[in-house]
Number of protein chains: 2
Amino acid sequence: MFEESGLPLYKSLYEKLRRQIEEGIYRSGDLLPSENELSALYGLARSTVRNALDRLVNDGFIVKQQGRGSIVKGKAKGVGILSLKSTSSALGGNLSTRLIVKPEIRSWKEAFGYTISQNERDAGCIYFERLRLINNRPVFFDITMLPNINLPRFTMHKLENASLFDLLRTAYQIEVTGGVQHLYALKANKELQEYFQVKAGHPVLQLNRKIETNRPGMHIYSKVFCNTQEYALFGTF
Amino acid sequence: MFEESGLPLYKSLYEKLRRQIEEGIYRSGDLLPSENELSALYGLARSTVRNALDRLVNDGFIVKQQGRGSIVKGKAKGVGILSLKSTSSALGGNLSTRLIVKPEIRSWKEAFGYTISQNERDAGCIYFERLRLINNRPVFFDITMLPNINLPRFTMHKLENASLFDLLRTAYQIEVTGGVQHLYALKANKELQEYFQVKAGHPVLQLNRKIETNRPGMHIYSKVFCNTQEYALFGTF
DNA sequence: AATTATTACTTGTATATACAAGTTTTTTAG
DNA sequence: CTAAAAAACTTGTATATACAAGTAATAATT
């Protein structure tokens, strides 16, 4: 079944099930086929199936219950805090992104207070700024920096919506393994007042993150400002 | 070695290694004994050792590197956002907690906008409020609510520092499995102005959380206000 | 018909084995 | 002494097997 993909068997099964959940083939509350059924279906040992399911549990796609089965949750865990959600109504397809600074190669200046390694400094910095709008109203302003290590044609990709981590995972096999984050509440400065169309003194949420990946020594540095008046910064963990 | 504990073997090993890391027997950067060594040391199959190590990886205590070994990180992942850290200097032993409302049994009114199940409603609500001070200056004010299900003598325990989750894990075998959180920046109201000793208009960070546990249907509801002027809300993930 | 006991099915725990892939140390060759 | 090759480690992937523990469906009993 999975022979020619080059990926490990458990990873192929993980991606297949993940895709099926994201495409709605399995819906929230559904039971996945049992471990023995998946084992027979794809000709894998039960341990291999369990390895794939363990990762789906870790990523928040399913929960398991002894005696019952694997229950689909339907949505992935966020990366720390990343996802966003309306405080009032469901967030439809009204999310848009405006690139303030298109992805470009720079030299490193600073990384929001986090320390960067010599490797990262030598590689140079991919830098971009985005303003995100919900229903055409600006809600998030974020700055992202990452080292330019083995990322051919990165600046060619569109960086819209929340696709950065999907792009890194599917195109470069880079996965997020963890990180640290710092949160502040502050008053909007002039730049943010302009971006968010708010008055002086308006409270704004600031989120700084240093994100670890499965590439040793490669981190993603991110700074997000959020106008939480109508929309909250939302996350699952 | 672990026969009489009643716990599964992999869990006993997990707890043992976790304890050793937290007590500083293994320091950050150290290598744990290899899987084969642990296997021989405690008379366990390598799979069982790997099960324990996988959990240590998930909890952020170690990272593994193929060909090298299991490298100790030394600090656990926070529960979503929970830990706190000074923005200027290292946080010494100067953290103290003042119980504003001692743990008491109430009936449920609301749960910070989150929906609670009928089971939880029937069980009643354990409620408490805490003010946390760093160097005798108030920084966090939090309200916690959880259903009173099979928690004998809970209100007898001291709830100081960040011990709630340790208490639940060690005394009641309750572990956090995930959750959702919402973040806002807002201006301090009169109550918070008093608690934090700040002026009107001061920006304050608010964090609402619904935390899932390994007990199906049991959640912890938490609301935290934070004065981030000197200390940031800090978390690892 | 309702209750109880049994059975079948589910995930959880545990062991044993084998080889692949990556890293470090040791040995060997120059 | 240096550099390459080999060996001896490490974790990663994969299979096969067995029984325990929890849940759901079925059969038996009252």
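As the structure is a prediction and not an experimental result, all values here were calculated from the model. Here is how names work: the chains are called A, B, and so on, in the same order as the sequence lines, proteins then strands, and each is numbered from 1.
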Taking atom [atom2] of [N] as reference, at what distance in whole Å does atom [atom1] of [X] sit?
X: D54(A); N: dT13(C); atom1: CG; atom2: P; answer: 10 Å
X: N51(A); N: dT11(D); atom1: CG; atom2: P; answer: 16 Å
X: K64(B); N: dT23(C); atom1: NZ; atom2: P; answer: 15 Å
X: N36(B); N: dT15(C); atom1: CG; atom2: P; answer: 14 Å
X: I71(B); N: dG22(C); atom1: CD1; atom2: C1'; answer: 13 Å
X: L32(A); N: dT11(C); atom1: CG; atom2: C1'; answer: 13 Å
X: L31(B); N: dC9(D); atom1: CG; atom2: P; answer: 15 Å
X: R55(B); N: dG12(C); atom1: CZ; atom2: C1'; answer: 9 Å

Proximal nucleotide (of [options]) relative to the [X] side chain:
X: R50(A); options: dT13(C), dT15(C), dT11(D); result: dT13(C)
X: L44(B); options: dT11(D), dT15(C), dT11(C); result: dT15(C)
X: E35(B); options: dT13(C), dT11(D), dA16(D); result: dT11(D)
X: S70(A); options: dT10(C), dT11(C), dT15(C); result: dT11(C)

**Study point:** Residue list, ring pair (Phe, Tyr, Trp, His ring centres under 6.0 Å) with F112(B), at least two apart or on another chain
**Key:**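 Listed in chain order: nothing, the list is empty.
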Taking only residues two or more places apart in sequence or in another chain, which ones pass side chain to side chain contact (heavy atoms under 4.5 Å, CB included) with [X]?
X: I25(A); answer: Q20(A), E23(A)
X: E120(B); answer: I116(B), S117(B), P147(B), H219(B), Y221(B)
X: T213(B); answer: I174(B), R215(B), M218(B), I220(B)

Review point. Quick one: is dT13(C) close enough that its OP1 or OP2 comes under 4.0 Å of any side-chain N or O from T48(B)?
Key: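 It does not, given that no N or O in the side chain of T48(B) lies less than 4.0 Å from OP1 or OP2 of dT13(C).
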Review point. Any side-chain N or O of S47(B) less than 4.0 Å from the OP1 or OP2 oxygen of dA16(C)?
Key: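 For dA16(C), neither OP1 nor OP2 has a side-chain N or O of S47(B) closer than 4.0 Å.
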Practice item. Assign S34(B) to base, sugar-phosphate, or nothing according to its heavy-atom contacts below 4.0 angstrom with the strands shown. Key: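 The residue S34(B) makes sugar-phosphate contact but no base contact.
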Between the protein and nucleotides 19-22 of chain D, which nitrogen or oxygen pairs are less than 3.5 angstrom apart?
{"from": "dA21(D)", "atom 1": "N3", "to": "Q66(A)", "atom 2": "NE2", "distance (Å)": "3.2"}
{"from": "dG22(D)", "atom 1": "N2", "to": "G67(A)", "atom 2": "O", "distance (Å)": "3.4"}

Practice item. Inspect the contact between E104(B) and R106(B) and indicate whether a charged nitrogen and a carboxylate oxygen are less than 4.0 angstrom apart. Key: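 Looking at R106(B) and E104(B), the cut-off is met.
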Check your understanding: Measuring from L31(A):CG to S70(A):OG, what's the distance to the nearest 0.5 Å?
Key ->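 Going from CG on L31(A) over to OG on S70(A), the span is 8.0 Å.
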Exercise for review: Would you list the pairs meeting salt bridge (Lys or Arg N to Asp or Glu O under 4.0 Å) in which at least one residue belongs to residues 35-56 of chain B, sequence neighbours left out?
Suggested key: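 For residues 35-56 of chain B, and leaving out neighbouring residues, the salt bridge (Lys or Arg N to Asp or Glu O under 4.0 Å) pairs sorted by first residue read E35(B)-R46(B), E35(B)-R50(B), E35(B)-K64(B).
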